[in-house]
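Labels below follow one simple rule: chain letters A, B, ... track the order of the sequence lines, proteins then strands, and each chain is numbered from 1. Since the model is a prediction, treat every value here as computed from it, not as a measurement. Heavy-atom basis, side chains included; hydrogens, waters and symmetry copies ignored.
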Amino acid sequence: MPTVRAIDPNTLPKHFDAVEAEQRWHATWDQLGVYAWNAQRPREETFVVDTPPPTVSGSLHMGHVFSYTQTDVIARYQRMQGRNVYYPIGWDDNGLPTERRVQNHFHVRCDPKTPSVAGGIHLEPASDTKGPPRLVSRPDFIELCLQLTRQDEEAFKTLWRRVGLSVDWALEYSTIDVRCRHLAQLSFRDLWEKGHVYSVEAPTMWDVDFQTAVAQAEVEDRPTRGAFHDVAFGVEGQAEGFVIATTRPELLAACVGVTAHPDDPRFKPLFGKRAITPVFRVPVPIFPSELADPEKGTGILMVCTFGDATDVGWWREQKLALRQIIGRNGRFVPVEFGTDGWESGDAAAANAAYAQMVGKTVHSARVAVVEALRDPANSATRDGTAPLRGEPKPLEHAVKYYEKGDRPLEFVTSRQWFVRLLDKKEALLAKGDEIRWHPDFMRLRYRNWTENLNADWCISRQRYFGPAFPVWYPLDAAGSPDYAHPIVAERATLPVDPTVDVPAGFTDAQRDQPGGFTAETDVYDTWFTSSLTPQISSGWELDPARHRQLFPADIRPQSHEIIRTWAFYTIAKALLHENMVPWQHVVVSGWILDPDRKKMSKSKGNVVTPVALLDQYTSDGVRYWAASARLGTDTAFDEKVLAVGKRLVTKLFNAGKFVLGQGGEVAGIDAELDRAFVQRLARLVAQVTKSYEAFEYAHALAETESFFWHDFTDTYLELAKVRARDGGGGSALAALRLGLSTLLRLFAPVLPYITDEVWSWAFADETGSPSIHRAPWPGPADFREVAAPADAESFDLAVAALAAINKSKSEAKVSPSRGVATITVKANAATLARLAGVWDDVMASTRIVEHRLDPTADLADGVFEVSDVTFLAAPPKDG
RNA sequence: GGUCGCAUAGCUCAGUUGGUUAGAGCGCCUGCUUCACACGCAGGAGGUCCCAGGUUCGAUCCCUGGUGCGACCACCA
């Protein structure tokens, strides 16, 4: 029989120093290449994670740690199952969040007309953001974005390593890097060739601060305080007017129509006539519309270019005039009245009234218009009273905002690029159903969004820090761009920067010259690139062989609030490019909530910083907390759970120290108790494996933890340790080691540090797996050589007898370790007979000297009672 | 307003494919300096499984309705 040498517990620290161990294991894992993806292994052995690239625009909070750890646990399980795990990490650095952060950090604004700083720009963080921001050129602005995101990426990387993410750092990328830009442009080119993209000049949702168009998916409603203003309009050719209610009086100058419900008797007589607006005295058509709600406001409303999406619809259907008074920066632009089919009225007076509005923001224009509406001279009716009827009535209503913006969106007419999606809803829904969602109900979020989609995807942004469109426009003889015939760069020429590169058939001298060409200066919506993360991993057209190896991915981890954006767009791209699904599974993490059950987020100022918690509870402790929550379940942040995780780490350390501290001859596992334990262990492994296969890592952890703590350390270890320690316990020694080795591996996905630490004390050499994270996942092969116990209930009988004896000690208020001089154990005869195989272990662990087994017919099977207990004298206290 | 989720011990959460006394951890109580671990061990108290109906021999679990909390979407005159 082989002999195992005990480790010397004295060579181990008294307490587990997690911070030291974490540093040490990072180095070891790097050196061993434990997490490296092997490009040589085939697809069927590979497990591909489509990792979310975190937005690099600030700091990571516990919500990030929570969800990324959950993904890591799944990846670590797959790796131990022998899969070749492709687990990349990227940084989503392009886009508005970064631009905004750079603007604030350095107090700058990008101005394409400003010349670049010679020798490259270097700025210190701005200490004072008062006064006008410094204007910097587009290349300088991009450089500042890159500088700042590089810093952020380093900080993120440090934290992710600390948390123990088993990503392959060789696969690190950023969404602004040249390869991602190349892939984004290839994607555009492919969509262009397939006829899925188009550009059009139309009213589009517009953020006046960022001065860019935004997509439907990035819009959110926010309850906003406003006020109903009752405003009297005149009617052409009659004395009687009517009163509209509006929350946006400042748009009065942009009023191009008036509408009410077709069946509303109050306004029926007005349809077909023209209303006269107060102040500006513009005549506008009054038309019926089913969309007008007689119950709302006064039942009749003004249509402006543009107050909201409904206005856009009416403007199109009724072919109303266009008077776009709000400019791209949110300020009122000059407008000439009298040139839009207006015949009657006083254009000069209107122009004079409007002249005071030019340059004002929405807010101050509102003040100005309301002021004008208080003046009876501005009345459009003939009753001589002020157009504003009564005082504004405050209300709170939902207003559309860009999700990252601060002021309400406006509809601004501009030329934008779109991906045509509205005609592909059926195909999009079908793809969504091909994917398995965890939890399954999350697919309904996707369905709901897709079914209710009401606009194509606006992919152009009038910004700077993002991949460029590979597009130029020919200029006609007058120097005007021919938007109907864009020049899209050929695949082979990509990537291009249209502001630097020259389209085929032109020379650089023709740039921005009549008869020449001009660059498209818009950049992509950040989701246009982010929706390609599976292709960024696979290389797609840049590396077809790798693409076949890595696409579709196995899992897409993400949170549920971005199903409408990230998941949706990624599914759309895979559909449009290759008619495929981008991944087999979507695993949706929940949120961390405050104790008040509000989402933890930076804006709410309730974020707990991860580093302090990692220091206090160890990385494994924090991971334990994250892995305790099921997918899709929002969880209240509870520090007690982290403390439990830390205790589990300590317990593993101590149990490992004890088990591996026992040496001696190892025998086959043949004692009844040992066989009964191994049978339980094998059953646990089967259950835990099943849970992991279903992405139910929290269930797997709970089962493992319960077995480890209750069945292993409190029960089996106590029952077997005397035999293992006092020689002749080769079977117990082997079973204890098998138990420890198995439990360490079951815990390894969640607790990578402590498990590898204990593994390294003995099992690394014994098994030839230097890191537990490359050790084989436990399975039937580990237990094949151990015979089943003679009695299937041996383990439970031993536990029940042990509990009965312990209880007598507890009731007598003596130490559990106190020796028992005499005891009588009662059970029915059959139970006592079945106990025989494990009774010696029970006696040894409870320190029974003399006992009597008393068969009693009236006790149920498996039930023990003890009586006549006397104890040995307490051992002398030393010191 | 539409869709979805949740509601189980003081707290954080499991669980029951419908079946005798519903679980864990934390917290609480009673003990135990125990030779792996006091970040421990033993013992214990604590629950109308949100409410009302229905199906069933039987419901915490299934169905219907309601209440509360949360999310996503819509509502912007």
Side-chain angles (χ1 to χ4, degrees), chain A residues 9 12 14-16 220-224 226 228-229 244-248 251 258-260 291-293 296-304 307-311 395 397-400 408 439 441-449 451-452 454 560-561 563-564 590-591 593 595 597-599 617 621 625 628-630 632-641 643-662 698-699 702-703 705-706 709-710 713-714 717-718 721 725 802-803 805-818 874-875 877-879:
Chain A
L12 298 173
K14 175 79 177 158
H15 298 288
F16 178 51
E220 65 183 26
D221 290 351
R222 291 184 203 159
T224 303
F228 261 131
H229 298 70
I244 61 105
T246 180
T247 57
R248 302 209 57 186
L251 292 179
V258 167
T259 189
L291 294 175
D293 180 356
K296 232 173 191 175
T298 57
I300 188 165
L301 65 135
M302 66 173 185
V303 178
C304 306
D308 59 32
T310 334
D311 280 350
L395 82 163
H397 60 152
V399 175
K400 286 191 190 307
F441 69 80
M442 288 295 178
R443 80 169 62 247
L444 295 170
R445 296 279 180 93
Y446 173 82
R447 276 203 86 81
N448 192 247
W449 173 257
E451 284 168 350
N452 292 311
N454 60 32
H560 49 76
E561 83 277 19
I563 287 175
R564 68 172 177 169
W591 280 343
L593 307 174
R597 307 207 69 87
K598 297 281 178 225
K599 185 192 175 190
Y617 297 106
W625 160 78
S628 295
R630 293 171 300 156
T633 305
D634 296 345
T635 308
F637 180 72
D638 184 1
E639 226 169 298
K640 286 181 299 193
V641 181
V644 172
K646 188 181 180 186
R647 276 203 294 276
L648 177 59
V649 170
T650 304
K651 189 77 172 175
L652 274 162
F653 180 83
N654 286 315
K657 195 160 66 173
F658 177 73
V659 170
L660 296 175
Q662 312 302 317
H699 196 231
E703 286 175 311
E705 182 188 15
S706 166
W709 210 292
H710 181 256
T713 65
D714 287 350
L717 203 61
E718 291 302 324
K721 74 183 186 186
R725 202 168 48 203
L802 179 66
I805 297 160
N806 274 333
K807 186 164 183 168
S808 72
K809 289 183 179 177
S810 185
E811 283 169 351
K813 298 187 192 294
V814 302
S815 162
S817 67
R818 189 76 163 270
K877 294 183 182 182
D878 45 319

Under a 3.5 Å cut-off for both distances, is [N] Watson-Crick or wobble paired, and to whom?
N      : result
B/rU3  : B/rA71
B/rU21 : none
B/rG65 : B/rC51
B/rA42 : B/rU30
B/rC35 : none

Which atom pair, heavy atoms only, marks the closest approach of [X] to [Y]?
X      : Y      : answer
A/R248 : A/M302 : O-CE, 3.5 Å
A/A260 : A/G299 : CB-O, 3.6 Å
A/P408 : A/V399 : CB-CG1, 3.5 Å

Quick one: [X] [atom1] to [N] [atom2], roughly how many Å, whole number?
X      : N      : atom1 : atom2 : result
A/D293 : B/rC76 : CG    : P     : 9 Å
A/K813 : B/rA42 : NZ    : C1'   : 12 Å
A/I805 : B/rU34 : CD1   : C1'   : 17 Å
A/M442 : B/rU3  : CE    : C1'   : 13 Å
A/H560 : B/rC6  : NE2   : C1'   : 12 Å
A/K809 : B/rU34 : NZ    : C1'   : 10 Å
A/D221 : B/rA74 : CG    : C1'   : 7 Å
A/R447 : B/rC72 : CZ    : P     : 21 Å

Counting any heavy atom closer than 4.0 Å, what does [X] reach on the DNA or RNA strands: base, sugar-phosphate only, or nothing?
X      : value
A/I563 : nothing
A/V644 : sugar-phosphate
A/F653 : nothing
A/E811 : nothing
A/T298 : nothing
A/A292 : base
A/A655 : base

Shortest side-chain distance from [X], nucleotide among [options]:
X      : options                : answer
A/T635 : B/rU34, B/rC13, B/rC73 : B/rC13
A/R630 : B/rC72, B/rU12, B/rG15 : B/rG15
A/R647 : B/rC26, B/rA36, B/rG43 : B/rC26
A/S817 : B/rU34, B/rA36, B/rC72 : B/rU34
A/H397 : B/rC76, B/rU12, B/rC32 : B/rC76
A/P816 : B/rG10, B/rU34, B/rC41 : B/rU34
A/L444 : B/rA36, B/rU34, B/rC4  : B/rC4
A/N448 : B/rC11, B/rU3, B/rG31  : B/rU3
A/S810 : B/rC26, B/rA42, B/rA36 : B/rA42

**Item:** side chain to side chain contact (heavy atoms under 4.5 Å, CB included) assessment of A/W591 paired with A/E561
**Value:** CA-CA 10 Å; A/W591 280 343; A/E561 83 277 19; 3.2 Å; yes

**Asked** Of A/H710 and A/F441, whose nearest nucleotide on RNA chain B comes first from the 5' end?
**Response** A/F441

**Asked** Starting at the 5' end of RNA chain B and moving along, which residue's nearest nucleotide shows up first, A/R248 or A/R564?
**Response** A/R564

**Request:** Could you tell me whether a side-chain N or O of A/N448 sits under 3.5 Å from a main-chain N or O of A/L444, the two making a donor and an acceptor?
**Result:** no

**Request:** Tell whether A/T650 reaches the base of B/rC39 with its side chain through a donor-acceptor pair below 3.5 angstrom.
**Result:** yes

**Prompt:** Does a distance-only test, which skips hydrogens and angles, find a donor-acceptor pair under 3.5 Å between the side chain of A/K651 and the base of B/rC37?
**Reply:** yes

Separation between the [atom1] atoms of [N] and [M], rounded to whole Å:
N      : M      : atom1 : answer
B/rC29 : B/rC57 : C1'   : 42 Å
B/rC11 : B/rG46 : C1'   : 13 Å
B/rC75 : B/rU48 : P     : 45 Å
B/rU21 : B/rU60 : P     : 12 Å
B/rG68 : B/rU30 : C1'   : 39 Å
B/rG10 : B/rC49 : P     : 12 Å
B/rG54 : B/rG44 : C1'   : 40 Å
B/rA14 : B/rG2  : C1'   : 32 Å

Side-chain N or O of [X] versus OP1/OP2 of [N]: is the shortest distance under 4.0 Å?
X      : N      : value
A/K807 : B/rG44 : yes
A/R818 : B/rC32 : no
A/K400 : B/rC75 : yes
A/W709 : B/rC41 : yes

**Prompt:** Do A/Y617 and A/W625 have ring centroids that are under 6.0 Å from one another?
**Reply:** no

**Working for side chain to side chain contact (heavy atoms under 4.5 Å, CB included), residues A/F637 and A/L593** = CA-CA 6 Å; A/F637 180 72; A/L593 307 174; over 6 Å; no

**A/L301 vs A/T246 side-chain heavy atoms within contact, under 4.5 Å** = no

**Sidechain N-carboxylate O distance under 4.0 Å for A/E220, A/R222** = yes

